[in-house]
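Taking it in order: structure first as structure tokens, then the write-up.
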Amino acid sequence: MDQQQQAHILLFPFPALGHIKPLLSLAELLCHAGLHVTFLNTDHNHRCLTHLQPLSTHFPTLRFESISDGLPTDHPRNVQLVGDLIFSVKSVTKPRFRDLLADLSTKSEHPVTCVIADGIMSFAIDIAKELGVRAMTFWAFSPCGLWSFLCMPKLIEEGQLPVGGEGDDMDQMVRSVPGMESILRRRDLPDICRQQVDDPLFQFFVEEFKAITRTSALILNSFDQLEALTLSHIDPLFSRIYTIGPLTALLTSRIAHDVSRSLSSFNNLCEADRSCMTWLDSQPLRSVVYVSFGSTGMMTRGQLFEFWHGLINSGKPFLWVVRQDGIAGVEGEHAIPEELHEGTKDRGFLVDWAPQEEVLAHQAVGGFLTHNGWNSTLEGIVAGVPMLCWPTIADQHINSRWVSEVWRIGLDMKDTCDRSTIEMMIRAMMEERREEITKSMDRIAKLAYDSANQGGSSYHNLDKLIEDIKKKV
Ligand code: UDP
């Protein structure tokens, strides 16, 4: 048997769309290279994907498996209750994963030879090692986020955490994250740093970040030219790092354009409302602000109305993803208020879920009001669309700082949410500062394109990853 046929990778994301989507892209790329791939979802997410998945038809070496996340079927699994999911996966899914991997690595026709697990599921790496299966970590967040996470033990030791307490100067610079001394403010630290250090969730993340360096190889959805300085700090901590992003751009360069487009639209747990594409067709060139706060972001009704007034007052047309489960409120208050629907008709378009990558690539879109989830940030870069940042959780706070101050491809309005600021910032992104931002964005978008195409670093690193996975068999 040749090596290619024998290599079999088990991909295991943390059960949230922002983690599943890039690993599905990697699954496509590995299958395209002829490797066998098993994609492991939780039962809950698997049910959402099955009616959408033509992936196995396109890729005969791809198959799906599922495993319990340990939560009851009717659990909302939203960001407010993410702790339930994290601790349930750690206690219930972990032993089941051991059984499944033991089975897949010994009994199947093509035994699993390599596990690629999410960076916040170190148990999967440890179990793979115990069972003698090669293990690699996939980090779904940004490298700049990773570096700040890795420095958290030092920040705790120095008594710098938590941030955001009463009277805390959030604009004070953070001096203990090497390489970031002149950029990182206390307010830019990942949101977990705003929690008490004895909080169980805080403790969980600190332990996971310590564990990540136990991996034999780290895979990053980023590219060398975007984060050279940060990567130079992370590099010595791992024996091998593969920067293979933006994965969406690699999909386009590696797999025939039309195929990649049709497949990437299936990489979602939700079905997109495509009527917004027709609406976009009727809008002037680069005039529309696309607004999306990702798959888990939540806002209060008060914040929702501030954004709405800010958008309306800016005078710009807007396409806004308002997820039904994205409005925090007491029972019965989650629905999108009727006046919002009514008042939007003249100038905007609301959808529950958009085909985001296609929207960003549409010529009518001139700005992206985003929460800076790492996938969205990279998608904005690939499409070359200036960003206005309103981060809420995880690495988003640091991503937005990098967008505005390091790459200079957008504006950051974190920690504010009033209609006049929103209006002013939208005007700045779409008018006053448009030229300057677009210039930087064009440069960064070109770097992203180059890295993902033949001769580029991510293109090369994917080849290297595939080669190394095959070698180990
Ligand atoms: N997304 C989408 N349609 C939407 C909103 C989001 O397809 O209406 C996709 C988006 O393209 C991105 C992902 O959902 O790939 C969100 O991931 P990200 O890391 O940006 O944020 P998260 O959802 O993890 O907070």
Side-chain angles (χ1 to χ4, degrees), residues 13-26 28 45 48-49 52 77-80 82 85-86 118-120 138-146 190-192 220-222 245-252 260-277 279-280 289-299 318-326 336 349-362 365 368-383 385 387 389-400 403 410:
F14 179 77
L17 179 71
H19 297 246
I20 295 170
K21 203 177 158 188
L23 270 185
L24 272 171
S25 300
L26 181 58
E28 291 182 39
N45 290 331
C48 302
L49 271 172
L52 293 172
R77 293 168 173 80
N78 62 27
V79 73
Q80 290 175 319
V82 73
L85 185 61
I86 281 175
D118 198 289
I120 56 167
F138 180 83
W139 180 252
F141 299 129
S142 58
C144 57
L146 174 61
D191 78 308
I192 192 79
L220 295 169
N221 185 13
S222 188
L247 278 161
T248 52
L250 261 188
L251 270 182
T252 310
S260 116
R261 283 199 77 79
S262 67
L263 287 182
S264 70
S265 63
F266 290 100
N267 282 358
N268 278 319
L269 294 174
C270 321
E271 207 153 2
D273 178 349
R274 301 194 57 82
S275 61
C276 60
M277 300 307 292
W279 179 81
L280 280 177
V289 180
Y290 170 59
V291 189
S292 165
F293 301 109
S295 60
T296 57
M298 295 192 90
M299 59 173 65
F318 59 90
L319 166 60
W320 189 0
V321 178
V322 188
R323 300 183 346 268
Q324 293 281 351
D325 63 348
I336 300 168
F349 202 88
L350 302 184
V351 284
D352 190 47
W353 191 256
Q356 179 160 304
E357 287 172 65
E358 281 180 68
V359 166
L360 286 168
H362 196 287
V365 173
F368 183 16
L369 173 48
T370 169
H371 69 313
N372 286 116
W374 189 233
N375 294 294
S376 294
T377 305
L378 286 177
E379 288 160 16
I381 288 175
V382 168
V385 179
M387 295 179 221
C389 313
W390 193 68
T392 52
I393 57 162
D395 59 337
Q396 297 158 16
H397 289 78
I398 188 162
N399 298 346
S400 66
V403 163

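In this text, all values refer to a predicted model and were calculated from it rather than measured experimentally. Counting starts at 1 for both ligands and their atoms, following the listed order.
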### Query
With a 3.5 Å cut-off and no angle check, do the side chains of Ser376 and Gln356 form a donor-acceptor pair?
yes

### Met298 CE to Asp325 CG distance, which is reported to the nearest 0.5 Å
6.5 Å

### Query
Looking at residues at least two apart in the chain, or sitting in another chain, which of them share a ring-ring contact (aromatic ring centres under 6.0 Å, His included) with His362?
none

### Task
Kindly compute the distance separating NE2 (His397) from SG (Cys389), expressed to the nearest 0.5 Å.
11.5 Å

### Message
Polar contacts were defined as any N/O atom of the residue lying under 3.5 Å from an N/O atom of the ligand; does this apply to Glu357 and ligand 1?
### Response
no

### Task
Drop me the distance from Trp374's CH2 to Gln396's CD, to the nearest 0.5 angstrom.
12.0 Å

### Task
May I ask you to list the atoms of ligand 1 that are less than 4.0 angstrom from any heavy atom of Glu379?
10 (C), 11 (O), 12 (C), 15 (O)

### Message
Just to be sure I read this right, does ligand 1 sit under 4.0 Å from the backbone of Gln356, its side chain, both, or neither, counting only heavy atoms?
### Response
both

### Query
Rounded to the nearest 0.5 Å, how far apart are CD1 of Ile398 and CZ of Phe141?
12.5 Å

### Message
So if I count the atoms of ligand 1 from 1 in the order they appear, which ones are less than 4.0 Å from some heavy atom of Gly294?
### Response
23 (O)

### Query
Any nitrogen or oxygen of Asp352, main chain or side chain, under 3.5 Å from a nitrogen or oxygen of ligand 1?
no

### For Thr296, the ligand 1 atoms whose distance to one of its heavy atoms is below 4.0 Å
23 (O), 25 (O)

### Task
Rounded to the nearest 0.5 Å, what's the gap from CZ on Arg77 to OG1 on Thr296? Could you check?
15.0 Å

### Task
Report yes if Ala354 has an N/O atom closer than 3.5 Å to an N/O atom of ligand 1; otherwise report no.
yes

### Query
Heavy-atom distance to atom 1 (N) of ligand 1: which of Trp353, Phe293, Trp374 wins?
Trp353

### Message
Just to check, does Arg323 reach to within less than 4.0 Å of ligand 1 when the distance is taken from its heavy atoms?
### Response
no

### Query
To the nearest 0.5 Å, what is the distance between CZ (Phe14) and CD1 (Ile86)?
4.5 Å

### Message
Check the orientation of Tyr290 and Phe368. Use parallel for under 30°, tilted for 30 to 60°, and perpendicular for over 60°.
### Response
parallel

### Query
Considering distance alone, does some N or O of Ser292 sit under 3.5 Å from an N or O of ligand 1?
no

### Query
Has ligand 1 got any nitrogen or oxygen that is less than 3.5 angstrom from a nitrogen or oxygen of Thr377?
no

### Summary
Logged contact type for Val321 with ligand 1, heavy-atom cut-off 4.0 Å, is side chain

### The single option from Trp279, Trp320, Phe318 passing ring pair (Phe, Tyr, Trp, His ring centres under 6.0 Å) against Phe349
Trp279

### Query
Where's the contact between Thr370 and ligand 1, heavy-atom distance under 4.0 Å: side chain, backbone, both or neither?
neither

### Query
Which is closest to atom 16 (C) of ligand 1 by heavy-atom distance: Ser376, Gly380, Gly373?
Ser376

### Query
Which is closest to atom 24 (O) of ligand 1 in terms of heavy atoms, Cys276, Gly18, Pro355, Ala16?
Gly18

### Task
Give the numbers and elements of all ligand 1 atoms closer than 4.0 Å to a heavy atom of His371.
20 (O), 21 (O), 22 (P), 25 (O)

